[in-house]
Amino acid sequence: MHTRHFPTLSRRGFLAVAGGTVLGTLAGCGSATSPAPAPAGPPRRGGTLRVGVTGGGAADTLDPHTPTTNPDIARTINLYEPLLHRDHNYQLEMLVAQSLTASPDARTWTATLREGVRFQDGRPVTPADVVATFGRITNPKDPKSGAASLTTLAEVVAAGDRVVEFRLKESVAGFDDYLANYSLGIVPANFTVDAPIGTGPFRAHQFTASLQSTFLRNEHYWRPGEPYLDQLDLINFVEDDARINALLSSQVDAIDQVPVALIDVLRSDGRIRVLTSETGSWLPFTMRVDRPPFDDVRVRQAMRLLVDRQEMINQVFSGQGRLGNDLYGPFDPAYASELPQRSRNIAEAKRLLAEAGQPNLTVELVTAPIQAGAVEAAQVLQRQARDAGVTITLRRVDTTTFYGDNYLSWDFAQDFWYTRGYLPQVAVGSLPDSPYNETHWHDPEFLDLVARARSTVDPSARADLLKRAQRIEYDRGGYLLWGFMNQVDAYQFYVAGLQPDRTGIPLSGYQFREAWLGTNPV
């Protein structure tokens with residue numbers, strides 16, 4: 001698509017909004033105001049929702065199968081749809097597929113497409129489109145981000161007018177969970193990024209990388225009555241100050257990633273609503289297990305013991321989160337909650353470092369504003385580490401640099417992950433061939449357990465294997481996973497239809513098909 005500027009909010013407008021500090025803008029709001037009335041009655045149709053989204057840059061994309069930043073993900077979710085996804089309660093929900101069933105040995109999974117689903121240009125979705133979509137994702141010459149979850153896929157075959165078979169190389173009991181991924185959106189067989197077409201509630205209208213994208217209602221959308229909005233504008237904001245000021249000055253109608261320290265201040269403004277969601281999202285410190293000093297398991301164990309997790313949650317999330325225990329996937333039925341909660345032990349951390357020959361360890365931590373709280377977490381860890389004689393020097397880069405050529409190569413860094421089940425998370429981040437194996441984790445015992453678990457149909461036996469795999473990560477993994485964050489967003493009083501979402505994806509999972517405007521912004 002051609003790069004064009006937008007009438008809704010120009011770059012000059014961004015700079016004007018960002019000109020004052022957050023504190024200056026808030027000070028101008030005066031004392032607490034009475035809450036404005038929430039929209040009442042059935043959803044209204046029409047209007048434009050302007051959303052301030054964190055991050056983005058020159059690498060912004062409309063490719064459904066390679067989303068990286070928050071703006072990418074927001075575009076993907078509203079333009080495209082996978083066969084199924086995780087709903088607001090983190091339960092599997094069918095989308096383009098009407099049903100998905102497994103053979104008794106879980107080696108063949110059959111998807112029946114939902115009747116009446118059309119692409120945004122009016123064409124019906126066919127099995128051939130699904131086959132082509134997965135061919136694009138798993139193309140060995142150019143695999144997309146979702147390919148890592150599909151390594152057991154042997155072939156995808158059209159097996160009827162509305163039937164597609166996923167034939168696997170081995171039994172995969174939880175294959176439905178692997179398919180419930182926003183980066184597996186179904187596209188036409190002749191799809192090109194220059195003419196992005198999907199089945200989502202909005203169709204692409206204008207797109208300017210690093211700035212803004214505009215979408216219009218998809219008149220062919222399969223859910224009756226949805227979406228309610230005529231237009232959706234997604235506007236990039238790299239800095240917190242600019243994003244919050246844009247909300248307070250009514251330049252936008254909703255924003256994601258509210259700095260938790262400002263929650264109470266925003267709530268004092270009667271026009272603003274704060275949306276809080278308990279999630280399984282995590283903001284880990286990542287230690288490369290294949291390079292010094294973290295190739296020594298004792299150093300990794302020491303780093304996990306020197307952190308005060310509750311203080312981290314209090315200071316970074318203002319209490320808006322839950323303790324982490326160096327394991328991901330807290331909503332997974334097989335989550336190893338029985339393992340002892342790791343707590344701070346400076347004496348043991350010092351002992352381990354001395355034993356490893358690193359009594360005065362100095363390391364560089366690469367940090368960036370990749371998510372609300374990331375830089376603050378690095379600063380808190382830097383201070384906490386001093387108690388164990390560890391010196392952490394911070395190297396702050398911008399988000400584009402962090403996710404640039406050196407991403408996945410940093411010895412000690414951070415990252416951000418949304419809620420996932422355990423095996424889907426392993427597939428994308430904890431296997432030697434995972435696209436985002438940032439810790440360079442390669443443990444033969446762990447790999448064997450994971451491989452056996454994937455092919456084990458019996459839920460109890462599979463859970464036992466997964467708990468054993470988690471014990472290995474708990475003992476010697478490369479993640480310092482100190483907490484799970486609540487997702488905190490904010491919106492104007494006249495915005496309706498947003499609700500808490502456990503996926504960790506902001507603003508009701510970016511599912512703006514459900515949003516509506518009770519009163520047009522002034």
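This one's a predicted model, so the numbers in the text were calculated from it and none came from an experiment.
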Within-4.5 Å side-chain heavy-atom neighbours: L84 and L100: yes
Please test T276 against N486 for side-chain hydrogen bond (donor to acceptor under 3.5 Å, both in side chains), starting from the C-alpha separation and ending with a verdict. CA-CA 7 Å; T276 302; N486 292 348; over 6 Å; no
Apply side-chain hydrogen bond (donor to acceptor under 3.5 Å, both in side chains) to residues H88 and E93 and explain how you reach the verdict. CA-CA 10 Å; H88 297 305; E93 179 186 22; over 6 Å; no
So F446 and W441, would you call those rings parallel, tilted or perpendicular, with 30° and 60° as cut-offs? perpendicular
Criterion side-chain contact (heavy atoms from CB on, under 4.5 Å) on Y510 and L234, from CA distance to verdict: CA-CA 10 Å; Y510 289 144; L234 300 177; over 6 Å; no
side-chain contact (heavy atoms from CB on, under 4.5 Å) with P140: which residues, sequence neighbours excluded? none
Where the side chain of S434 meets the backbone of A427, is there a donor-acceptor pair that is under 3.5 Å apart? yes
Taking the six-membered ring for Trp and the single ring otherwise, decide whether the centroids of Y328 and Y422 are under 6.0 Å apart. yes
Any donor-acceptor pair under 3.5 Å linking the side chain of Q470 with the backbone of A336? yes
With sequence neighbours excluded, what pairs up with R114 under the side-chain contact (heavy atoms from CB on, under 4.5 Å) test? M94, Q98, V117, W222
Residues T199, Y221; criterion side-chain contact (heavy atoms from CB on, under 4.5 Å); working and verdict: CA-CA 7 Å; T199 68; Y221 193 53; 5.7 Å; no
Contact between V164 and V156 at the side-chain level, heavy atoms closer than 4.5 Å - yes or no? yes
Salt bridge (Lys or Arg N to Asp or Glu O under 4.0 Å) partner of R476, the single match among D295, D443, D326: D443
Salt bridge (charged side-chain N to carboxylate O under 4.0 Å, His left out) between K467 and E338: does it pass, once the steps are laid out? CA-CA 9 Å; K467 287 177 182 291; E338 70 279 1; 3.1 Å; yes
Test log, rule ring pair (Phe, Tyr, Trp, His ring centres under 6.0 Å), inputs W109 and Y178: CA-CA 12 Å; W109 289 73; Y178 290 88; 9.5 Å; no
Ring pair (Phe, Tyr, Trp, His ring centres under 6.0 Å): which pairs involve residues 454-473, sequence neighbours left out? none
Can a donor-acceptor pair be found, under 3.5 Å and without considering hydrogens, that links the side chain of E165 to the backbone of V157? no
Quick one, R223 and L95 - any side-chain contact, counting heavy atoms below 4.5 Å? yes
Tell me whether Q487 contacts the main-chain N or O of R502 through its side chain, where contact means a donor paired with an acceptor under 3.5 Å. no
Expected output: side-chain R322 to main-chain T279 donor-acceptor under 3.5 Å: yes
Give the ring-plane orientation class for Y436 versus Y407, where under 30° counts as parallel, over 60° as perpendicular and anything between as tilted. tilted
With heavy-atom distances below 4.5 Å as the criterion, would you say the side chains of T54 and Q371 are in contact? no
Tell me, with the steps shown, if R344 and R309 meet side-chain contact (heavy atoms from CB on, under 4.5 Å). CA-CA 8 Å; R344 196 180 204 212; R309 295 159 195 258; over 6 Å; no
Are any non-hydrogen side-chain atoms of E514 and S508 less than 4.5 angstrom apart? yes
Output yes when a side-chain donor or acceptor of S103 lies under 3.5 Å from a complementary backbone atom of T108, and no otherwise. yes
Nearest 0.5 Å, please: how far is CZ in R288 from CD in E438? 11.5 Å
Applying the side-chain hydrogen bond (donor to acceptor under 3.5 Å, both in side chains) test to Y403, which of T69, D415, T68 qualifies? D415
Report the relative orientation of the aromatic rings in Y90 and F331; use parallel for angles under 30°, tilted for 30 to 60°, perpendicular for over 60°. tilted
Check step by step if side-chain contact (heavy atoms from CB on, under 4.5 Å) holds for D256 and N70. CA-CA 9 Å; D256 64 9; N70 277 13; 3.6 Å; yes
For T503, the side-chain hydrogen bond (donor to acceptor under 3.5 Å, both in side chains) test, sequence neighbours excluded, returns D501
Could you tell me whether the side chain of L184 reaches within less than 4.5 Å of the side chain of H65, counting heavy atoms only? no
Check whether the side chains of N181 and S183 place a donor and an acceptor atom closer than 3.5 Å, and report yes or no. yes
State, yes or no, whether a side-chain contact exists between L306 and L381 at a heavy-atom distance under 4.5 Å. yes
Do Q310 and D308 pass the side-chain hydrogen bond (donor to acceptor under 3.5 Å, both in side chains) test, and can you show the C-alpha distance, the side-chain angles, and the key distance before you say yes or no? CA-CA 6 Å; Q310 188 59 57; D308 184 328; over 6 Å; no
Determine yes or no for a side-chain-to-main-chain donor-acceptor pair under 3.5 angstrom, with R107 supplying the side chain and K169 the backbone. yes
Using the ring centroid of each side chain, check whether F317 and W482 are separated by less than 6.0 Å. yes
Which word best sums up how the rings of F134 and F166 line up, parallel for under 30°, tilted for 30 to 60°, or perpendicular for over 60°? perpendicular
Output yes when K144 and D63 qualify as a salt bridge under the 4.0 Å nitrogen-oxygen rule, no when they do not. no
Between R462 and D464, does any side-chain N to carboxylate O distance fall below 4.0 Å? no
Whether R300 and D296 form a salt bridge (side-chain N of Lys/Arg under 4.0 Å from carboxylate O of Asp/Glu) is what I want to check. no
Pairing of E348 and R304 as salt bridge, 4.0 angstrom limit: no
Between E219 and R203, does at least one N-O distance fall below 4.0 Å, as a salt bridge requires? no
Report yes or no: does D290 contribute a side-chain atom to a donor-acceptor pair with the main-chain N or O of H440 at less than 3.5 Å? no
Check whether any side-chain heavy atom of I235 lies under 4.5 Å from a side-chain heavy atom of V51, and answer yes or no. no
Which pairs would a plain distance check flag for residues 146-153, meaning a side-chain donor or acceptor within less than 3.5 Å of a matching protein atom at least two apart in sequence or in another chain?
none

Identify whether the distance between the nearest side-chain nitrogen and carboxylate oxygen of R75 and D60 falls below 4.0 Å. yes
Can you sort out the partners of N406 under side-chain hydrogen bond (donor to acceptor under 3.5 Å, both in side chains), two or more places apart, ordered by chain and number? none
Given F412, W282, F285, the one that forms ring-ring contact (aromatic ring centres under 6.0 Å, His included) with Y479: W282
Once you round to the nearest 0.5 Å, how far does CD of Q425 lie from CG of L431? 10.5 Å
Go through it in stages, so that I can follow the logic: the residues are R123 and N190, the test is side-chain hydrogen bond (donor to acceptor under 3.5 Å, both in side chains), and I'd like the CA-CA distance, side-chain angles, deciding distance and then a yes or no. CA-CA 12 Å; R123 284 181 286 168; N190 64 345; 3.2 Å; yes
Take atom CG of D458 as the centre, draw a 6.0 Å sphere, and report whether it contains more than 12 heavy atoms from other residues, nucleotides or ligands. yes
Just by modelled atom types, is the T61 backbone N or O under 3.5 Å from a matching donor or acceptor in the D72 side chain? yes
